[in-house]
**Q** 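The structure is given below, and queries will be raised subsequently.
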Amino acid sequence: MPKLGRRFFVNDRFRCLACAVALGAAALSVAGQAYGQETVVSRGDRYRSPKNWAMELHLGPYRPNIDSEFGNLPEDERPFALYFGDDRRLMARAELDYQIWNGFGSVGLGVSVGYTRQSAKAFVEPEPGALPETRSGDDTKLMLLPTSVSLVYRFDVLALRWSLPLVPYAKAGFDWVYWSISNGNGDVARDAAGNRGRGGTSGYHLAAGLSILLDVFDPGSAQAFDAETGVNHTYAFAEYRHAVIDGLGSANRLHVGDSTWSAGLMFEF
């Protein structure tokens, strides 16, 4: 091959190689943007995807304080204790937060929904003016579907900057709880005046909790989980919640709040 031809051949090969490298870099950049991922330089150049959301899964005991309206009655005559006893049932709740600020900790706006149900054998209709004493074979149920909006602050500075895996947090917000009482036939119950046993009660809540950053126990698996799913951090937590759900002081509202705790997992992504 003439020297001039060889020179152009070699130059074309370098040009093609340079073009391929440039195209490959551009493709990787576009793919990274498409999946919303970025490499964050931190200790050890560890990969971290962006985080804007947090999802919590809660499980804990719950007993609506319906009997708080009937403090003038003996304990064994208060309606909730009379029908359902003093035991607490489990409530499951899920919460989704959008983190509006990340700096010295994080601030988020959250929405949550939960579910719990109380059930017991229904009483046989008593004589007028008498308390029910004999239970039938049918169940009566109280179902609660609580919803809430919250302002959330998490002090995650120690965990993210110095690897101390404890994250205290606090919440405050408003609640609205749908409730329904069914009779032994599975229909919505009615009182003596014919009013249906279902409705909604508004209120507010205050909560505080402590999360443990699980990433520190297996950093390699945490980074792989982040790269594969976009889950930036995983936490286990315990939370105490004081909910005053009494219609915000309105009369003739079923009181369905409680002061209780819950535990679960949180995922930031």
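Given the structure is predicted, the values throughout are model-derived calculations rather than measurements.
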**Q** Can you tell me how far the CG atom of Leu265 sits from the CG atom of Leu214, to the nearest 0.5 Å?
**A** 7.0 Å

**Q** Answer yes when Asp87 and Arg63 have at least one side-chain N-carboxylate O distance shorter than 4.0 Å, and no when they do not.
**A** no

**Q** Give the cluster check for Val111 versus Val152: same hydrophobic cluster or not, with ILVMFWY residues linked at side-chain heavy-atom distances below 4.5 Å.
**A** no

**Q** So, Lys171 and Glu239, do they make that salt bridge, N to O below 4.0 Å?
**A** yes

**Q** Quick check: do Val188 and Arg198 have side-chain heavy atoms less than 4.5 Å from each other?
**A** yes

**Q** What do you reckon, is CZ of Phe267 surrounded by more than 12 foreign heavy atoms closer than 6.0 Å?
**A** yes

**Q** Could you go through the side-chain hydrogen bond (donor to acceptor under 3.5 Å, both in side chains) check for Ser49 and Asp226 one step at a time?
**A** CA-CA 7 Å; Ser49 64; Asp226 190 6; 2.5 Å; yes

**Q** Say you draw a straight line from CG of Leu82 to CG of Leu73; how long is it, rounded to the nearest 0.5 Å?
**A** 10.0 Å

**Q** In terms of heavy-atom contacts, does CG of Asn252 have more than 12 from other residues, nucleotides or ligands at under 6.0 Å?
**A** no

**Q** Identify the two heavy atoms, one from Asp67 and one from Ala81, that lie closest to each other, and give their separation to 0.1 Å.
**A** OD2-N, 2.9 Å

**Q** Please determine if Asp156 and Arg161 form a salt bridge, counting it only when a charged side-chain N lies under 4.0 Å from a carboxylate O.
**A** no

**Q** Return the minimal non-hydrogen interatomic distance between Phe217 and Pro219, and the atom names on each side.
**A** C-CD, 3.9 Å

**Q** Taking the ring of His58 and the ring of Phe237, is the distance between their centroids below 6.0 Å?
**A** yes

**Q** Output yes when a side-chain donor or acceptor of Thr147 lies under 3.5 Å from a complementary backbone atom of Trp176, and no otherwise.
**A** yes

**Q** Could you tell me whether a side-chain N or O of Ser106 sits under 3.5 Å from a main-chain N or O of Asn102, the two making a donor and an acceptor?
**A** no

**Q** With rounding to the nearest 0.5 Å, note down the distance linking CG in Asp215 to CG in Asn232.
**A** 8.0 Å

**Q** Under the criterion salt bridge (Lys or Arg N to Asp or Glu O under 4.0 Å), I'd like the reasoning laid out for Asp258 against Arg241: C-alpha separation, chi angles, the key distance, then a yes or no.
**A** CA-CA 8 Å; Asp258 191 16; Arg241 185 183 184 96; over 6 Å; no

**Q** Report the residues that fulfil side chain to side chain donor-acceptor pair (under 3.5 Å) with Thr201, sequence neighbours left out, ordered by chain and then residue number.
**A** Trp179

**Q** Do Ser202 and Arg253 touch side chain to side chain, with heavy atoms closer than 4.5 Å?
**A** no

**Q** Rounded to the nearest 0.5 Å, what separates atom CD1 in Ile66 from atom CD1 in Ile181?
**A** 6.0 Å

**Q** Is there a path of hydrophobic side-chain contacts, each under 4.5 Å between heavy atoms of I/L/V/M/F/W/Y residues, joining Val157 to Tyr153?
**A** yes

**Q** For Glu56 and Arg154: C-alpha separation, side-chain torsions, deciding distance, then whether salt bridge (Lys or Arg N to Asp or Glu O under 4.0 Å) applies.
**A** CA-CA 13 Å; Glu56 299 178 359; Arg154 302 183 191 279; 2.4 Å; yes

**Q** Among residues at least two apart in sequence or on other chains, which ones pass side chain to side chain contact (heavy atoms under 4.5 Å, CB included) with Leu145?
**A** Val113, Tyr115, Met143, Tyr178

**Q** Do side-chain atoms of Thr116 reach the backbone of Leu90 as a donor and acceptor pair under 3.5 angstrom?
**A** yes

**Q** Keeping Ser68 on the side-chain end and Asn65 on the backbone end, is there a donor-acceptor pair under 3.5 Å?
**A** yes

**Q** Under a 4.5 Å cut-off applied to non-hydrogen side-chain atoms, are Val167 and Tyr235 in contact?
**A** yes

**Q** Out of Ser112, Ser148, Ser259, Ser150, which one pairs with His205 under the side-chain hydrogen bond (donor to acceptor under 3.5 Å, both in side chains) rule?
**A** Ser150

**Q** Can you get from Tyr62 to Tyr240 by hopping between Ile, Leu, Val, Met, Phe, Trp and Tyr side chains that sit under 4.5 Å apart?
**A** no

**Q** Can you find a pair of side-chain heavy atoms, one from Gln99 and one from Val107, that are under 4.5 Å apart?
**A** no

**Q** Could you tell me which non-hydrogen atom of Thr140 sits nearest to which non-hydrogen atom of Asn183, and how far apart they are?
**A** OG1-CA, 4.3 Å

**Q** Evaluate Phe70 against Phe80 for ring pair (Phe, Tyr, Trp, His ring centres under 6.0 Å), listing each step before the verdict.
**A** CA-CA 10 Å; Phe70 303 94; Phe80 185 86; over 10 Å; no

**Q** How are the rings of Trp53 and Phe269 set to each other: parallel, tilted or perpendicular (split at 30° and 60°)?
**A** parallel

**Q** Honestly curious: do Met91 and Trp261 fall in one hydrophobic cluster under the side-chain, below-4.5 Å linking rule?
**A** no

**Q** Are Leu160 and Val216 linked, directly or through other ILVMFWY residues, by side chains that come within less than 4.5 angstrom of each other?
**A** yes

**Q** Using the salt bridge (Lys or Arg N to Asp or Glu O under 4.0 Å) criterion, which residues pair with Glu268? Sequence neighbours excluded.
**A** Lys51

**Q** Hey, does Leu142 have a side-chain heavy atom less than 4.5 Å from the side chain of Phe84?
**A** yes

**Q** Between Asp246 and His255, does any side-chain donor sit less than 3.5 Å from a side-chain acceptor?
**A** no

**Q** Counting the benzene-type ring for Trp, do Phe104 and Phe155 have ring centres under 6.0 Å apart?
**A** yes

**Q** Is there a side-chain contact between Ile212 and Leu166 in this structure, where contact means two heavy atoms from C-beta onward sitting under 4.5 Å apart?
**A** yes

